[in-house]
Amino acid sequence: MSRIFNFSAGPCTLPLPVLEEAQAEFVDFGGAGMSLIEMSHRSKQYDAVHNEAMSLVAELLGLPSNYKVLFIGGGATMQFGMIPMNFLPKGKAADYTVTGAWAKKAYEDACKVGDVKVIWDGKDENYLNLPDPASVQVNADAAYVHITSNETIGGIQWQSFPEAGNVPMICDMSSDFMSRRVPVEKFAMIYAGAQKNAGPAGVAIAIVREDMIERCPGDLPAYLNYPIHYKKDSLYNTPPVFPIYMVGKTMKWLKGLGGLEAAEKMAADRADLIYGAMAKSGGFYSCPVPVPCRSSMNIVFRMPTEELEKEFVAVALANGMSGLKGHRSVGGCRASVYNAMPVEGAQALANLMDEFAAKNG
Ligand SMILES: *Cc1c(COP(=O)(O)O)cnc(C)c1O
């Protein structure tokens, strides 16, 4: 077996023990004589998988009892639409911070549903910077305020969050979910597509505070309706059983490592190695993102020419490191270093960066 270091932004690397466990029990799940994906979602076996995944997410985040973990198909993008459909009534407006490509998509979907106000826009700085959280003014009468904790494409991340007072704050944590401790009580809702830090594609994890459910109109089509998912424990219809099972395994793996505190430490170690390689390259590598808002998950870097960047990506691949090409909208290179990326992977990349700069600088 030859596994390489996969720096892809998503879907992305998953913990090897999780993959191996899933492989070992794939054909015959727990002596049932069938795989998990062949059995009823109303079976005793699946129920245990479902509930364990839900409770591990809650346990790792330290969720108070008035929050519930939901599993919803359609990825984070589905949530972009469901959030305003459920929480943005006529006569009210929602506040959005537009911090990059993902926040913009969330904002654009909300605009199709109701009144939206942009309370911060990173356009003038090319979405490479974030405001001081204390300077963000949320409108006191907003239906909710939406923020994006980590911009996967731009490589920027809120280090702390704005204050929203009594306005419910909703956060897209798709690309840094479970990578650090978060003050969950600050949020009325947290959501994330699973395929960055939590499992494979095919499910979004939505963590919703109880009182938010009372705000929903309740007459939306069933699947778009949070109260239905909430009341039915995400089992109103057939849930994406395989992704949920993998989320459960990934959470169990993370718990075994020491939970969010350990995740945060590993994230800092990986980021220090890669940003450190940039810093000591004497200007060969440059990071377009100012230090205070650099992401620990998606690390963007440039080189003196596009030819060098292309060559670096090829040399990295030849050395067992894939997925380093930057997003097509920003160019350059991007190393996505989620929870499942071992610190050794970041070390290997930093070493290669040193060598490449020494040779080409
Ligand atoms: C990947 C990503 C999304 C989109 O997730 P899908 O599951 O593909 O819909 C949304 N927000 C952020 C921050 C992301 O990184």
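For ligands, and for the atoms within them, numbers begin at 1 and follow the listed sequence.
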What side-chain donor-acceptor pairs closer than 3.5 Å can you find for residues 7-14, not counting sequence neighbours?
| unit_1 | atom_1 | unit_2 | atom_2 | d |
| --- | --- | --- | --- | --- |
| Ser8 | OG | Pro11 | O | 2.9 |

Looking only at protein heavy atoms, which one is nearest to [atom], and how far off is it?
{"atom": "atom 15 (O) of ligand 1", "result": "Thr152 OG1, 2.4 Å"}
{"atom": "atom 14 (C) of ligand 1", "result": "Lys196 NZ, 3.0 Å"}
{"atom": "atom 5 (O) of ligand 1", "result": "Ala76 CB, 3.5 Å"}
{"atom": "atom 7 (O) of ligand 1", "result": "Gln195 NE2, 2.9 Å"}
{"atom": "atom 11 (N) of ligand 1", "result": "Asp172 OD2, 2.7 Å"}

If you count the atoms of ligand 1 from 1 in the order shown, which ones are under 4.0 Å from a heavy atom of [X]?
{"X": "Asn150", "result": "13 (C)"}
{"X": "Ser175", "result": "13 (C), 15 (O)"}
{"X": "Gly75", "result": "7 (O), 9 (O)"}

Do Val337 and Ser296 come close enough that some side-chain heavy atom pair is under 4.5 Å?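 They are not in side-chain contact.
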
Note to self: Contact between Ile207 and Leu70 at the side-chain level, heavy atoms closer than 4.5 Å - yes or no?
What the structure shows: no

- Task: Give the C-alpha distance, both sets of side-chain angles, the deciding distance and a yes or no for ring-ring contact (aromatic ring centres under 6.0 Å, His included) between Phe187 and Tyr67.
- Result: CA-CA 10 Å; Phe187 300 99; Tyr67 288 77; 9.2 Å; no

*asked:* Evaluate Thr77 for polar contact with ligand 1, using N/O atom pairs at a separation under 3.5 Å.
replied: yes

message = Once you restrict to heavy atoms under 4.0 Å, what part of Phe80 touches ligand 1? Side chain, backbone, both or neither.
response =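 The answer is the side chain.
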
Worksheet item: Between Tyr96 and His146, is the gap from one ring center to the other below 6.0 Å?
Response: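 Aromatic pair counts; centres sit under 6.0 Å.
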
*asked:* Would Lys196 and Trp102 count as a cation-pi pair here, with the cationic atom under 6.0 angstrom from the ring centre and within 45° of the axis?
replied: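 Here Lys196 passes the 6.0 Å and 45° test against Trp102.
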
Is Leu56 reachable from Ile190 through a run of I, L, V, M, F, W or Y residues, each pair having side-chain heavy atoms under 4.5 Å apart?
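Same cluster.
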
